[in-house]
Amino acid sequence: MRWLLSIVAAILVSVHAQAGSLTIRFDAPASDWEREALPIGNGAMGAMIVGGVDEDRLQFNEKTLWTGGPGSRQGYDFGWPERSIAGNVAKVARELDKKGSLAPDYIASKLGRKARGYGDYQSFGELVLLMNGAGEISEYRRELDLERGVGRVSYVRDGVKYTREYFASYPDGVIIVHLTADQPHRINFRARLAVPDNRTAEYSAHAGELSVVGALNDNGLKYAAAAWVLTDGGSRSDLNNAQIGVVGANSAWVVLAAATNYRLQYPDYRGAEPLPAVRQRLNRASELSWARLSERHIADYSQLFGRMTLDLRVAAVDMPTPQLVKQYGSGRADYDRALESLYFQFGRYLLIASSRAGSLPANLQGVWNNFATPPWNADYHVNINLQMNYWPALPTNLAETTLPLYDFIDSLLEPGGQAARRVSGAGGWTLFLNTNVWGYTGLIDWPTAFWQPEAGAWLASEYYEQYRYTKDERFLRERAWPVMKGAAQYWLDTLRVDPRDGKLVVTPSFSPEHGQFTAGAAMSQQIVFELFTGVSEVGAQLGEQGFTAKVQAALRQLDPGLRVGGWGQLQEWKQDLDERDNQHRHISHLYALHPSNQIGAFNTPEYAAAARQSLEARGDGGTGWSRAWKINQWARLLDGDRAHRLLGEQLKHSTLPNLLDTHPPFQIDGNFGATAGIAEMLLQSHAGELHVLPALPSAWSSGEVKGLRARSDISVDIRWNDGKAQEIQLRSGSQQTVTIRSDIFSRSFAITAGEQEIQTSGDGPVRSFVAPAGRVVQIIQRP
Ligand code: FUC
């Protein structure tokens with residue numbers, strides 16, 4: 001009986017696996033790291049599966065391995081001027097008062113600085129597996145199973161089916177490759193580690209352990225990686241040239257760990273020796289069987305990933321992913337829906353894989369990087385990119401993945417305080433365009449990007465957004481308030497009165513990353529408005545009267561950065577300077593529409609119309625993240641078909657065969673932004689009500705989504721047919737009044753919690769009711 005059950009279970013599992021709707025699949029090893037390799041990660045570490053047959057090179061990363069920073073050969077000064085340049089900043093502001101606008105080159109010559117020792121995120125190395133085998137290969141398959149967080153390579157050679165599974169375990173802090181064959185004694189390989197040559201490296205192979213230790217040439221940062229080779233049957237031996245050989249095993253697994261002596265702590269950013277920590281992890285992991293390690297990983301991973309499903313009512317498609325991407329939009333609606341739902345879940349997968357508590361946040365490439373000098377240093381750009389990385393976290397039910405972001409921002413307060421003082425002569429904290437793992441909070445010299453002091457305010461506002469979703473009071477008091485207060489202090493000290501109208505403005509101010517410097521660009525004003533509004537609400541809630549009153553007074557005098565210009569557009573600058581044919585990728589002045597809620601289709605229809613006009617003019621092009629942002633913005637304008645069109649543009653023009661976003665080149669923000677955009681099409685909660693299916697495209701006529709999250713600690717499931725909601729289920733964490741906007745209320749409906757009927761108030765599509773704590777409220781359309 002037991003064996004019968006397990007056969008049935010095995011069949012079920014294999015049917016499920018065959019369905020493979022949430023699997024990215026290739027029929028060949030990756031020949032191009034960026035376009036074809038498959039990413040796995042546990043937040044701190046990442047690896048790219050290439051899946052070679054004779055030689056498999058698992059390229060891996062660990063987030064803290066960076067050149068630059070304290071100890072860099074180039075020198076390092078956090079980007080801060082030696083002496084305060086507050087006088088120069090004020091002078092530029094006075095010049096702007098007189099002239100209205102100034103060229104970026106001119107401002108950069110006055111305020112910019114050449115970065116020194118900024119550093120780059122590094123590839124850690126490769127785990128190289130050299131297979132002994134000969135003969136033709138057939139049935140090759142390389143895939144990434146998003147439901148279990150496991151990569152797999154399989155093929156048949158010489159009558160034997162070989163399978164390799166790869167995963168990155170968060171609970172055990174290691175990356176694992178498991179090698180099996182469908183016949184005994186067929187696992188034969190040699191393993192070694194390899195690291196790039198910009199560091200010292202001491203390799204060894206001893207008692208089944210491969211290790212490499214050394215330090216980066218540039219900054220002396222110490223690193224260690226080790227891999228333990230474990231076998232079932234056969235023999236294992238340490239070989240020359242720091243290799244380990246396995247002969248005739250039934251199966252084998254290699255457990256890899258890596259670390260540096262980096263610590264997220266200003267000013268020196270150095271901590272403990274890495275090798276002992278690496279060995280400790282390997283030691284613990286090796287006490288567990290392969291099966292146990294895999295179980296622990298899958299349980300941990302799927303507990304997060306499995307919280308949400310999106311079903312666009314398509315049968316599973318059995319097609320290699322590159323083909324699925326290529327055919328997109330060529331007429332097969334079922335294939336297109338399959339790709340869209342896969343792409344949505346891939347964004348969630350990537351976030352779990354690149355952002356877990358205890359490490360750094362996801363950078364421009366998440367955690368995956370194969371270059372010594374990656375594009376934009378694979379750093380943290382904060383004029384859109386880092387923020388976008390975290391857009392899907394809250395709505396798609398992955399709130400825990402934001403913890404590294406907040407630890408990281410917290411660590412910027414001290415260096416950011418120096419930046420505030422030395423650049424602007426202000427209190428509080430800020431930073432500018434970009435930051436690294438070394439507290440870089442100062443300036444660079446790139447004229448069209450270097451000046452973005454609003455970045456601090458934007459990041460601080462994210463804390464409040466986290467609270468809005470989770471209602472975690474302790475987080476609000478202990479984490480959000482100090483950061484928001486410090487960011488607000490900076491702006492209290494630096495806003496200036498605009499002689500044109502007596503309003504408080506940011507000056508000099510620059511709308512990313514084009515145009516002239518002016519006073520009071522729309523985005524600058526909107527971001528400060530967002531922060532001050534947040535501080536005013538949070539301060540009142542926490543009883544912080546004194547500071548709150550100051551911020552409220554400034555808020556009353558603040559230019560809100562919302563203006564409708566000559567051609568009906570939302571103005572990007574305080575003066576009406578917008579050119580209709582400007583299709584620049586940044587759409588910063590629509591910050592008020594998304595991610596903020598200062599503009600809303602119902603609350604401010606005139607600004608919403610202006611935002612639409614601006615979006616129309618900007619067009620559907622742009623880099624990966626730019627298209628992704630536009631999906632969100634069109635969704636906020638409640639235009640589902642247009643949002644969907646942008647999603648299509650993203651898939652056609654900004655998506656690589658392995659589904660990674662391409663700026664170009666590979667840059668992960670577009671994946672995250674698009675996933676958030678899809679959530680935004682299905683549910684919105686920024687305007688004090690839950691708007692169900694606010695921007696449902698006609699292409700998604702039927703479907704079901706489960707596990708979306710709304711602000712105020714509410715989970716939502718929606719089932720729809722013919723473009724109309726049939727059933728809404730929600731669960732609120734606390735008893736509270738909930739307002740829902742849905743067409744379901746325009747038809748005959750029933751609303752219950754268990755047996756109990758719930759009273760609603762309101763009429764038409766908007767109804768309010770008291771949701772009980774922790775119980776499912778069901779709204780169904782009556783037949
Ligand atoms: C911003 C963008 C660029 C790029 C870079 C990493 O500066 O304007 O397009 O995404 O970040």
May I ask you to decide if the ring planes of [X] and [Y] are parallel, tilted or perpendicular, using 30° and 60° as cut-offs?
X      : Y      : value
Phe450 : Phe517 : tilted
His514 : His584 : parallel
Phe78  : Tyr266 : perpendicular
Phe432 : Trp451 : tilted

Quiz prompt | Gln571 versus Asp578, side-chain donor and acceptor atoms under 3.5 Å | solution = no
Self-check item: No-hydrogen, no-angle side-chain donor-acceptor test under 3.5 Å, Gln387 and Trp391
Solution: no
Quiz prompt | Heavy-atom side-chain contact between Asp379 and Asn363 under 4.5 Å | solution = no
Self-check item: Set of salt bridge (Lys or Arg N to Asp or Glu O under 4.0 Å) partners for Asp407, sequence neighbours left out
Solution: Arg479
Quiz item: Can you name the residues that form a salt bridge (Lys or Arg N to Asp or Glu O under 4.0 Å) with Glu680, not counting sequence neighbours?
Solution: Arg636
Quiz item: Under 3.5 Å, is there a donor-acceptor pair between the side chain of Arg356 and the main chain of Pro404?
Solution: no
Exercise. Would you check if the side chain of Lys574 reaches a backbone N or O of Gly520 as a donor-acceptor pair within less than 3.5 Å?
Key: no
Quiz item: Counting only heavy atoms not in Glu478, do more than 12 sit closer than 6.0 Å to its CD atom?
Solution: yes
Quiz item: Has Glu537 got more than 12 heavy atoms of other residues, nucleotides or ligands less than 6.0 Å from its CD?
Solution: yes
